[in-house]
Amino acid sequence: MGDVIAYRPKPDPSQSGPKVGMILFLSAWGMLFVSLFFTWAFVRAQADVWPPPDTPTMPRHIAWLATAAVALCAAAWFGANRLTRAGRRQAVAPALALAFLSGAAFVGLHAWAIVVGRQIRMGGSYGSLFMTMLFFHALLAATGLPAPVVLFRRALRGLYSPQRHIGIRVWGAYWYFTAALWVVMFGVLYFL
Amino acid sequence: MAVAVNATAADTPGYVRIARRYLWCGFAALAVGGLLAMLIRFQWAYPGRPVPLWGKALTPAGYQSVFTLHGLTMIFFAVTPLLIGAMGTLLVPSMVGAGRLAFPRLASVAWWLFLLSELTAFASCFVELGAPGNGWTMYPPLSTKVESPGPGQTVMLVAMLLWVVSSVMTAVNLLTTLIRGRANGLGWMRLPLTAWGLFLTSLLTALFLPVLGVAAGLLFADRELGTSYFAARTGNPLLYQHLFWIFGHPEVYILILPVWGVVGDFVAFFSRKPAFWYRGTVYAMCAITAMSGLVYAHHMFVAGIGPMLGRSFMILTLLISLPGEVMFLNWLLTLWRGSIRLDSPMLFALGTMIVFGIGGLSGLYLGAIATDIPLHDTMFVVGHFHLTMAAATFLGTFGAIYFWFPKLYGRQLNETLAKVHFWLTAPLLLLVFGGQLLAGYMGQPRRLFDPYVYEFLHRVKVVNHGTTMFAFVLGAAQLVFVWNLIATLRRPATAVDNPWRVGTLEWTTRAVPGGEAAPALVVRRGPHELSNPEVLAATGRDYIGQAE
């Protein structure tokens, strides 16, 4: 017959499910970028000089601007989370609007960097890597852009409370991941 | 106890409807892939002769496209939707007592993306210069624009990328359902082995399919955007091989892990015994999953990797067979002195064990460098992976379909026809793919348009003629299943009340759309509580439901 086991009360699936789902989703994205860094290391290890001689390099000011944009975006998400927890409902929607605008600026700056890269004819393995990694990171950021729009509309309708705001928490985590990854990528692409 | 599938379509849970769609997509791809296999078999036996019913002979380029499409169709669009799409989507919510998927809308989006990827892949046949013709691995430089100038390769890469996105979505959904949707009391060590197989498969899918996404994305960029990752002079084609096999070897386990779970459950159910050392089987499956990403370079022993690296991967490859042995022995010891019932799912499970056993043993020769080098790129490799990835997954999948079909359509497939299907299929699978092992051992390289232009391969002709005949009979034998399927679906739906007399949740509890009933469910025991004398004395049955 059945044995007796102790079990904890189940966490509310509507709250814990999205959290687990986001961890898994970010794991998949993480593996994609691990593959890209593996590719970078593979190509980099075969080159005698890096960047290869006569290869134009990307101006850094766009990357610094992008870093500022993504940092602002992450801060906006952090603020939205804290404000929701504090019960300050009116301030949540502006924080989400700021998150969207800074996130969109970040995607735009990546797009600008890719355009500049093509204009200065970054080619070969160095240029290919640069463009591809920027593209995939822009894709990661663009995938997270609809979230603040949806959450903004919900925040305007007053759907979030200090207890129930899982959407803001998980999408905030998504953008923290995006920002942290950009910091690593910035270092790898521009300084190594 | 009640049935999970209700008689009216409106009452059928959404996840069941999505599982059905995957099932039909998988069947369609299986039919296309099977017909392509017949063309390949005909070519090996009678190169240059007109194909019956078609009237034309295959050209070398056409033959290359045929074997490429066959591989891609079977792996990505037949086995995956049947096992993970249909069975995963159907079983995970009901086996864990959730009554729904964690993200129902995501499941729907994933299916539409899957359909789009399947249609895109088949669309590659209709573009200028036809479908790609460089094998399912799509190795550069063969797949670069220089060697494959037509748009077919690019279209196929787009299909791959869509497939990756869809599969990751499904995997995240199944994993979240398994992690967070389990009923009260359903601890990890009370999950059916099928659920464990689907869990580990989904984990590998979520982690390793993005690597294929990168490989396909970089190849796409090389072809269409002017990058140079894989060009022989400015890049390195070996990089693609690394990326492809980092995904490709776990993909083998992605396909086989659900089947292992199904076999583990079936040998217990149909021996009327608890699974022998259930935890050992679970640990073995977990160990294989963990190691699956660490053995990939045994596919590259002849690609010029360093000897030290080669030896390391050889040792890891041989080590991964140890948990496989533990699992296999547990199956055998579950059967030992059991009250074995040879119902159709059990026959398919036993068939899976046999073909997988032979396929696994032949893999040892390919895992060791000394024997892999002469056997590399021969038909031996083709025989090996067809026994493990094709025959084993085919039999396991059909066993699962016969077992859980009542959960999909509220009808049970005809048992006699199912047994006829098995007895025609399993021995022929062994003969067809065993013949490939033999042809490879006799020296036939794979993918040759006409093997007999080489004098030394004339001796293989008799083997190829025989296996081709067996393959044609095998293909025709599948009509028994088609007949069974059509006849069953034409019958009115009848409520089927636990026909196999097992205690897992999907058979012993009512699946409630939306999962409203899930909180009330309390699981009290494991999945294989069979032939317990106390249960027999109390209920008169030799099984008891997990939540009873």
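Scope of the values below: all heavy atoms of this structure, side chains included, with no hydrogens, waters or symmetry mates. Proteins come first, then strands; the chains are lettered A, B, ... in the order of their sequence lines, and each starts at number 1.
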Student: Around atom NZ of A:Lys19, are there more than 12 heavy atoms from other residues, nucleotides or ligands closer than 6.0 Å?
Tutor: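 12 or below, so no.
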
Student: So, does B:Tyr229 use its side chain to make a donor-acceptor pair with the main chain of A:Val43 at under 3.5 Å?
Tutor: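 Checking the backbone N and O of A:Val43 against the side chain of B:Tyr229, no donor-acceptor pair under 3.5 Å is found.
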
Student: For B:His242 and A:Phe38, run side-chain contact (heavy atoms from CB on, under 4.5 Å): C-alpha distance rounded to whole Å, both residues' side-chain angles, the deciding distance at 0.1 Å, then the answer.
Tutor: CA-CA 10 Å; B:His242 279 288; A:Phe38 172 83; 3.9 Å; yes

Student: For atom CZ of A:Arg154, decide whether the heavy atoms of other residues, nucleotides or ligands shown that lie under 6.0 angstrom number more than 12.
Tutor: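 No, not enclosed.
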
Student: Can you measure from CE (A:Met22) to OG1 (B:Thr176) and round to the nearest 0.5 angstrom?
Tutor: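 Here the rounded value is 10.5 Å.
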
Student: So how far is it from A:Thr39 OG1 to B:Leu243 CG, rounded to the nearest 0.5 Å?
Tutor: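 With rounding to 0.5 Å, OG1 (A:Thr39) is 4.5 Å from CG (B:Leu243).
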
Student: With rounding to the nearest 0.5 Å, note down the distance linking CG in B:Asp222 to OG in A:Ser128.
Tutor: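 Between B:Asp222 CG and A:Ser128 OG, I get 7.0 Å after rounding to 0.5 Å.
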
Student: Is it true that atom CH2 of A:Trp64 has more than 12 heavy atoms of other residues, nucleotides or ligands lying nearer than 6.0 Å?
Tutor: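 Check fails, neighbour count at 12 or below.
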
Student: Between atom CD1 of B:Ile246 and atom CE of A:Met31, what is the distance when rounded to the nearest 0.5 Å?
Tutor: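 B:Ile246 atom CD1 to A:Met31 atom CE measures 7.5 Å (nearest 0.5 Å).
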
Student: Hey, which of A:Ser27, A:Pro18, A:Ser35 has the most heavy atom pairs under 4.5 Å with chain B?
Tutor: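 Ranked by heavy-atom pairs under 4.5 Å with chain B, first place is A:Ser35.
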
Student: What part of B:Leu175 gets within 4.5 angstrom of chain A, counting heavy atoms only: side chain, backbone, both, or neither?
Tutor: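 Looking at B:Leu175, backbone and side chain both touch chain A.
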
Student: Which value, rounded to the nearest 0.5 Å, describes the distance between A:Leu32 atom CG and B:Leu207 atom CG?
Tutor: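 If we round to the nearest 0.5 Å, A:Leu32:CG and B:Leu207:CG are 12.0 Å apart.
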
Student: Which heavy-atom pair separates A:Ala28 from B:Pro210 by the least distance, and what is that distance?
Tutor: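 Taking every non-hydrogen atom into account, O-CG, 3.3 Å.
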
Student: What part of B:Phe103 gets within 4.5 angstrom of chain A, counting heavy atoms only: side chain, backbone, both, or neither?
Tutor: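 Contact with chain A: side chain only.
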
Student: Search all heavy atoms of A:Arg118 against all heavy atoms of B:Leu225 and return the closest pair with its distance.
Tutor: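 Smallest heavy-atom distance, with atoms named: NH1-O, 4.4 Å.
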
Student: What part of B:Leu209 lies closer than 4.5 angstrom to a heavy atom of chain A: side chain, backbone, both or neither?
Tutor: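 For B:Leu209, neither part sits under 4.5 Å from chain A.
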
Student: Step through the shown structure and confirm whether more than 12 heavy atoms of other residues, nucleotides or ligands are within 6.0 Å of CZ on B:Arg541.
Tutor: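 Yes, enclosed.
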
Student: By the definition side chain to side chain contact (heavy atoms under 4.5 Å, CB included), identify the one residue from A:Leu24, A:Val20, A:Ile23 that meets it with B:Val172.
Tutor: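 Single side chain to side chain contact (heavy atoms under 4.5 Å, CB included) partner of B:Val172 among A:Leu24, A:Val20, A:Ile23: A:Leu24.
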
Student: If you tally heavy-atom pairs under 4.5 Å against chain A, which of B:Leu239, B:Thr227, B:Leu203 wins?
Tutor: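 Result: the option with the highest number of such pairs is B:Leu239.
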
Student: For atom CZ of A:Phe78, is the number of surrounding heavy atoms from other residues, nucleotides or ligands below 6.0 Å larger than 12?
Tutor: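 Counting neighbours around CZ of A:Phe78, 12 or fewer heavy atoms of other residues, nucleotides or ligands fall under 6.0 Å, so no.
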
